[in-house]
Number of protein chains: 2
Amino acid sequence: MSAPPRRDLAAMIVPLGRALTAAELPVLREHGLTMWAYSVLLRLDERPLRSQAALADAIGADKTRIIDVLSDLGDRGLISRTPDPADRRVRLLALTPQGRRVRDAAQAAIQLREERLLARHLTPAQRTALLDALQVLDALPAEAVSDPEP
Amino acid sequence: MSAPPRRDLAAMIVPLGRALTAAELPVLREHGLTMWAYSVLLRLDERPLRSQAALADAIGADKTRIIDVLSDLGDRGLISRTPDPADRRVRLLALTPQGRRVRDAAQAAIQLREERLLARHLTPAQRTALLDALQVLDALPAEAVSDPEP
DNA sequence: TATTGTTATACTCTATAACTATA
DNA sequence: TATAGTTATAGAGTATAACAATA
């Protein structure tokens, strides 16, 4: 049983994710965002989201962890957090127009860097193939990746 | 400036890496390995490696963090740790035959799961294209990803 | 004095538990 | 009583600083 001809998927993907994250951080800082704040802005799309717990779950965070993030984003007018009239325990979360502008600007800067990286090291066909395959795997629920029954 | 048609690379890759890691953990546990121990066995190839600091750096760990991992692997006979006769401060690290057997068995099990996942959701051509592109990016030094000068 | 490995300490991030306010 | 959000506390993981041995 000799060494396989390729490295493990995780062994390639996890360090790549770390490097991409490291590349994002200074860009986000320029836009006044932390990684968690950016995750929140990305997830909060046009339509409001009901409850902070749902948001936390959606971005893989603990509900107690995003509270400071949400208050800060609210204080800066990037998101709105209004009590649901139907049930005043829950907060309806939504992007403000300014929040959408900040999110779009940050995302454009990040994807510009990403595209430069891909263009430098991959052929256009390889770039497309990579993104296609990643989008397929990205669309899977996490359990489909973690527990693939034979 | 509207929302881009694709998600950020990092936003797809980081959660995928987390899910793949979660998929590995039970397999590693069956083979009596932690993630750090597995990283060490993967990096310690046929030829011995000079110094623990070099190993730590190679697997993206802190040198103080792998000490317990190395003592444990040494106690179990999976690696050898002999002082360098030329400079008795440094330890020469190498896989033992048993260590290589454990590493190969664990890696085979992991890659079997990975291949099942890819086969279920990607076409053979997509699988090959994904692995090719990942191997290109994996071969880059981390700085090439983090600091792509324009 | 400088360096390898080690130990001890502090810090950051994350999760758990306890609390409040609504229902 | 049950749930959403919040606060306070504890735990895991990680990095920093101090130490012993060798050069």
Side-chain angles (χ1 to χ4, degrees), chain A residues 10 14-15 17-19 21-22 24-26 28-29 33-40 43-44 48-75 78-94 142 146, chain B residues 10 14-15 17-19 21-22 24-26 28-29 33-40 43-44 48-75 78-94 142 146:
Chain A
V14 171
R18 267 202 278 267
T21 300
E24 282 194 12
L25 285 178
L28 291 177
R29 192 156 41 228
L33 297 174
T34 65
M35 187 60 76
W36 282 121
Y38 183 55
S39 296
V40 167
R43 182 64 190 76
L44 242 49
L49 196 74
R50 198 185 145 77
S51 101
Q52 304 182 174
L55 171 63
D57 190 63
I59 63 175
D62 193 273
K63 68 169 178 170
T64 64
R65 210 161 61 202
I66 60 169
I67 289 180
D68 291 347
V69 177
L70 293 178
S71 344
D72 181 59
L73 288 174
D75 291 346
L78 303 183
I79 67 171
S80 64
R81 219 165 28 147
T82 57
D84 183 348
D87 181 345
R88 288 208 304 271
R89 293 174 303 180
V90 321
R91 310 296 180 86
L92 300 176
L93 305 169
S146 303
Chain B
V14 171
R18 269 202 275 266
T21 300
E24 283 194 11
L25 284 178
L28 290 177
R29 194 157 38 232
L33 297 174
T34 64
M35 188 59 76
W36 283 121
Y38 182 56
S39 297
V40 167
R43 182 62 190 77
L44 243 47
L49 196 74
R50 198 186 145 77
S51 100
Q52 301 181 178
L55 171 63
D57 189 62
I59 63 176
D62 192 274
K63 66 170 181 170
T64 63
R65 212 161 60 203
I66 60 170
I67 289 180
D68 290 348
V69 177
L70 294 179
S71 346
D72 182 59
L73 288 175
D75 291 348
L78 303 183
I79 66 171
S80 64
R81 216 168 26 148
T82 57
D84 183 348
D87 181 345
R88 288 209 303 272
R89 290 176 304 183
V90 320
R91 308 296 179 86
L92 298 176
L93 305 167
S146 304

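Just so it is clear: chains get the letters A, B, ... in the order the sequence lines come, proteins before strands, and each one is counted from 1.
Nearest heavy atom pair, residue B:R43 against residue B:L49, reads NH2-CD1, 4.0 Å. Closest of all the heavy-atom pairs between B:T21 and B:M35 is CG2-CE, 3.5 Å. Of all heavy-atom pairs between A:A22 and A:P26, the closest is O-CD, 3.1 Å.
Taking only side-chain atoms of B:R89, from C-beta outward, the nucleotide of D:dT6, D:dT3, D:dA23 with the closest atom is D:dA23. Residue B:R88 places its side chain closer to D:dA23 than to any other of D:dT16, D:dA23, D:dG5.
Each of A:D87 and A:T64 was assigned the nucleotide of DNA chain D with the nearest heavy atom; the assignment lying further toward the 5' end belongs to A:D87.
Using a 4.0 Å heavy-atom cutoff across all strands shown, A:D62 reaches at least one base atom of the nucleic acid. Among the heavy atoms of the strands lying under 4.0 Å from A:R81 are primed sugar atoms or P, OP1, OP2 only; no base atom is included.
The CD1-C1' distance, from B:I67 to D:dT16, rounds to 14 Å in whole Å. As a whole-Å value, the separation of A:R65 CZ from D:dT7 C1' is 16 Å. As a whole-Å value, the separation of B:M35 CE from D:dA12 C1' is 16 Å. Between the CG atom of B:D57 and the C1' atom of D:dT14 there is a distance of 16 Å, given to the nearest Å. In this entry the distance linking CD1 of B:I66 with C1' of D:dG13 reads 16 Å, nearest Å. Here the P atom of nucleotide D:dA23 and the CG atom of B:D84 are 9 Å apart, to the nearest Å.
Between chain A and DNA chain C, the heavy-atom contact criterion of under 4.0 Å yields a 5' to 3' nucleotide range of C:dT14 to C:dA23.
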Under 3.5 Å, side-chain donor or acceptor atoms of residues 56-67 of chain B against the rest of the protein: list the pairs with distances, not counting sequence neighbours.
| unit_1 | atom_1 | unit_2 | atom_2 | d |
| --- | --- | --- | --- | --- |
| B:D62 | OD1 | B:T64 | N | 2.9 |
| B:D62 | OD1 | B:T64 | OG1 | 2.7 |

Report, one line per pair, each donor and acceptor closer than 3.5 Å where one atom sits in a side chain of residues 83-91 of chain B; sequence neighbours left out.
| unit_1 | atom_1 | unit_2 | atom_2 | d |
| --- | --- | --- | --- | --- |
| B:D84 | OD1 | B:A86 | N | 2.8 |
| B:D84 | OD2 | B:R50 | NH1 | 2.2 |
| B:D87 | OD1 | B:R89 | N | 3.1 |
| B:D87 | OD1 | B:R89 | NE | 3.2 |
| B:D87 | OD2 | B:R89 | NH2 | 3.0 |

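A 4.5 Å side-chain heavy-atom check between B:R18 and A:S146 finds every atom pair outside the cut-off. By the 4.5 Å heavy-atom criterion applied to side chains, B:L55 and B:L70 are counted as neighbours.
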